[in-house]
Amino acid sequence: MIKEELWQAVLAQVQLNISPANFATWFKNTGIAQIKEGQVEVSVPNSFTKEWLGKKYDKSIFKILHSLDDQIREVSYIIDRPAVKIIRKKRAEEWVSPAQLEFAEFKTDKETSLNPRYTFENFVVGSFNELPHAAALAVSRKPGMLYNPLFIYGGVGLGKTHLLQAIGNEVMKNLADKKVKYAPAEKFTSGVIFSIRNQKMDSFKAQYNQIDVLIIDDVQFLAGKEKTQEEFFHIFNTLYEKNKQIIISSDRSPKAIPALAERLRSRFEGGMLADVSSPDFETRVAILKSKTNERQLLLPDDVLEYIASNVQKNIRELEGALNRLAAYQKLQGRAPDIETVKLLLKSMTLPSSRVATPNKVIKEVASFYDLKERELINASRRKEIVHPRQIAMFLLRQELKCSFPFIGRKFKGKDHTTAIYAISKITKEIQQNSKLGEELEIIKQKVYES
Ligand code: ADP
Ligand code: MG
């Protein structure tokens, strides 16, 4: 048991610091094969992973292991089948978080793709998520009759997936005759691509068209994918006309999703829009209390308050912190005291990983507007590029206090006058256009998160 828990704690920590795609690629099917005299043998599925983990992640894996158990002095990697039975999933976006591993008895339902661990009962409500929660609850009682579509949006790790799946699970529980389907937008997209390639579009559509409650998670993923949007639009209309319930989540509001067909945008805006924001301090403590109860962890109030004041980013991080402490408690047989907690959570509470750099700004602006970094930097005068470029210049000035000549030099063929012009233009625009302000907030969030 201990090996598994230790590795889960490592995964929980690693996951916070790397992208979901990297996490799924390099940590899928890994585990601890054995621990002997301070030496940890990590099992990996193939030689490629072995080399990569050894080179790129060795230091952080060791650090985390050592912080959880200071007897550990060495880490090595062996190719093996997984020693830890991790719930295996094919795709990155379906990867179960280590937090979920704690609830490993919950299996995703094959037909609906819902995970029963997400319920209304274990969802904490505060002012930050009151509206989406109320709407979700109402929809689960009377699908198709109240808010259609229900569109829930907000930053990562704030409970969108939880809420969406809670609706699905609630419907399954109370309205057994309803057909529910949960699909991450990315999975929906690969379904469309597969069906087109294999000339199975008709059966793909038929399958969706008989659903009573359709849940599409992370719909921002459809940005720029025209064919998928088109197919989704048709399925949406068919279901909508039959008063079937459609529930959608996104990391931003419909108007801030770039390259989204106007007709889809207006469909999304035609129902109920509800955003989740971040929980305040008191709500963070409440969430921690609820999760420690659920998992029978014994943590004193000062510890919970320490976590709540230092881990502020999102609820997923709060869970990550609890995972570390849970692993410690299980290994040591006692709850960590406040000093130990400070040590255990040091890497999570340090602000150092959240500094912005000019390159991060450029990268995130490009990615937000669905452009290549090089398009943003080069001298193109296309309107779709000029505006994002001005935004990048504005952010370099506002967030990093870069000098005008420096900003000019970052973009080929531009000088300080272009930078000054761009910055004053965007400054004015923000005052007149709240949508732009919202976009900038999202970009900034990504810059500081990555
Ligand atoms: P998102 O989809 O917005 O990125 P998730 O729904 O995956 O976020 O939430 C991240 C983690 O935090 C999940 O493990 C989820 O169960 C938990 N969580 C989020 N919101 C709440 C809440 N209000 N109450 C309890 N747990 C929550
Ligand atoms: Mg999600």
Side-chain angles (χ1 to χ4, degrees), residues 8 11-12 15-16 19-21 23-24 87 89 91-104 106 108 113-137 150-169 182-188 215-222 247-253 274-295 297 304 307-308 311-323 326 348 442 445-446 449:
Q8 283 173 25
L11 292 179
Q15 197 189 22
L16 296 171
S19 74
F23 182 74
I87 306 167
K89 299 276 185 107
R91 302 184 54 82
E93 82 279 7
E94 283 180 318
W95 180 255
V96 255
S97 74
Q100 277 171 261
L101 292 175
E102 289 274 325
F103 302 81
F106 290 127
T108 302
S113 300
L114 289 167
N115 185 324
R117 77 160 275 241
Y118 295 113
T119 62
F120 281 115
E121 285 76 29
N122 62 15
F123 189 81
V124 179
V125 186
S127 56
F128 75 108
N129 62 8
E130 216 168 358
L131 176 66
H133 171 262
L137 201 58
L150 171 60
F151 190 104
I152 293 175
Y153 67 98
V156 288
L158 293 175
K160 301 183 299 295
T161 296
H162 190 133
L163 211 41
L164 259 59
Q165 295 218 28
I167 302 175
N169 284 320
Y182 167 82
E186 197 170 358
K187 199 172 167 199
F188 182 86
I215 305 170
I216 301 284
D217 204 354
D218 288 318
V219 83
Q220 77 278 0
F221 187 80
L222 298 189
I247 305 148
I248 295 161
S249 86
S250 164
D251 68 353
R252 56 194 91 161
S253 74
D275 68 321
V276 261
S277 52
S278 302
D280 59 18
F281 172 76
E282 256 118 64
T283 317
R284 290 199 294 276
V285 175
I287 291 171
L288 289 168
K289 284 212 166 122
S290 138
K291 302 223 175 250
T292 47
N293 283 341
E294 210 173 287
R295 292 155 60 164
L297 275 171
L304 297 185
I307 305 174
V311 180
Q312 303 187 351
K313 198 159 105 189
N314 61 40
I315 300 167
R316 187 169 298 145
E317 266 210 351
L318 288 176
E319 284 188 334
L322 284 182
N323 281 345
M348 300 180 78
I442 297 166
Q445 199 186 341
K446 303 230 156 165
E449 263 169 16

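First listed ligand is number 1; within each ligand, the first listed atom is number 1. Owing to the predicted nature of the structure, the values given are computational and were not obtained by experimental measurement.
- Not a single N or O atom of Tyr118, backbone or side chain, sits closer than 3.5 Å to an N or O atom of ligand 1.
- Close approach of ligand 1 to Lys291 (heavy-atom distance below 4.0 Å) involves ligand atoms 17 (C), 25 (C), 26 (N), 27 (C).
- No side-chain N or O of Arg284 forms a donor-acceptor pair with one of Asn314 less than 3.5 Å apart.
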**Request:** Please step through side chain to side chain contact (heavy atoms under 4.5 Å, CB included) for the pair Lys289 and Leu304, ending with a clear verdict.
**Result:** CA-CA 7 Å; Lys289 284 212 166 122; Leu304 297 185; 3.6 Å; yes
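- Heavy-atom contacts of Gly155 reach the following atoms of ligand 1: 3 (O) (cutoff under 4.0 Å).
- Note on ligand 1: His133 sits outside its first shell, no heavy atom being nearer than 4.0 Å.
- Residue contacts with ligand 1, taken as heavy atom pairs separated by less than 4.0 Å, involve Asn129 solely via side-chain atoms from C-beta onward.
- Put simply, the residue from Ile247, Asp217, Ile216 that forms a side-chain contact (heavy atoms from CB on, under 4.5 Å) with Tyr182 is Asp217.
- Lys291 places no side-chain N or O within 3.5 Å of a backbone atom of Leu318 that could act as its donor or acceptor partner.
- Considering both main-chain and side-chain atoms, Phe128 never comes within under 3.5 Å of ligand 1 through any nitrogen or oxygen pair.
- Of all the atoms in ligand 1, the ones that sit under 4.0 Å from a non-hydrogen atom of Gly159 are 1 (P), 3 (O), 5 (P), 6 (O), 8 (O), 9 (O), 19 (C), 20 (N).
- Among Arg316, His162, Glu319, the residue whose heavy atom lies closest to atom 13 (C) of ligand 1 is Glu319.
- Compare Val124, Asn122, Thr161 by their heavy atoms: the one nearest to atom 2 (O) of ligand 1 is in Thr161.
- Gln165 does not count as a contact of ligand 1, since none of its heavy atoms falls under 4.0 Å from the ligand.
- Not a single N or O atom of Val156, backbone or side chain, sits closer than 3.5 Å to an N or O atom of ligand 1.
- An N or O contact shorter than 3.5 Å is missing between Phe123 and ligand 1 by distance.
- Paired with Ile152 under the rule side-chain contact (heavy atoms from CB on, under 4.5 Å), one option of Leu163, Thr161, Asn129 passes, and it is Leu163.
- Between His133 and Phe120, the two ring planes are perpendicular [angle over 60°; tilted spans 30° to 60°].
- Under the side-chain contact (heavy atoms from CB on, under 4.5 Å) test applied with Arg252, the options Ile442, Val219, Asp275 reduce to a single match, Ile442.
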**Asked** How far apart are the C-alpha atoms of Arg117 and Glu319, what are their side-chain angles, what is the distance that settles it, and do they pass the salt bridge (Lys or Arg N to Asp or Glu O under 4.0 Å) test?
**Response** CA-CA 14 Å; Arg117 77 160 275 241; Glu319 284 188 334; 3.7 Å; yes
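- Inclusion of Thr161 in the first shell of the Mg ion (ligand 2) is supported: an N, O or S atom falls under 2.8 Å.
- For the residue pair Ser290 and Asn293, no side-chain donor N or O sits within less than 3.5 Å of a side-chain acceptor on the partner.
- Contact annotation: Gly126 has no heavy atom less than 4.0 Å from any atom of ligand 1.
- Asp280 places no side-chain N or O within 3.5 Å of a backbone atom of Ser127 that could act as its donor or acceptor partner.
- For ligand 1, the polar-atom distance check against Ile287 finds no nitrogen or oxygen pair separated by under 3.5 Å.
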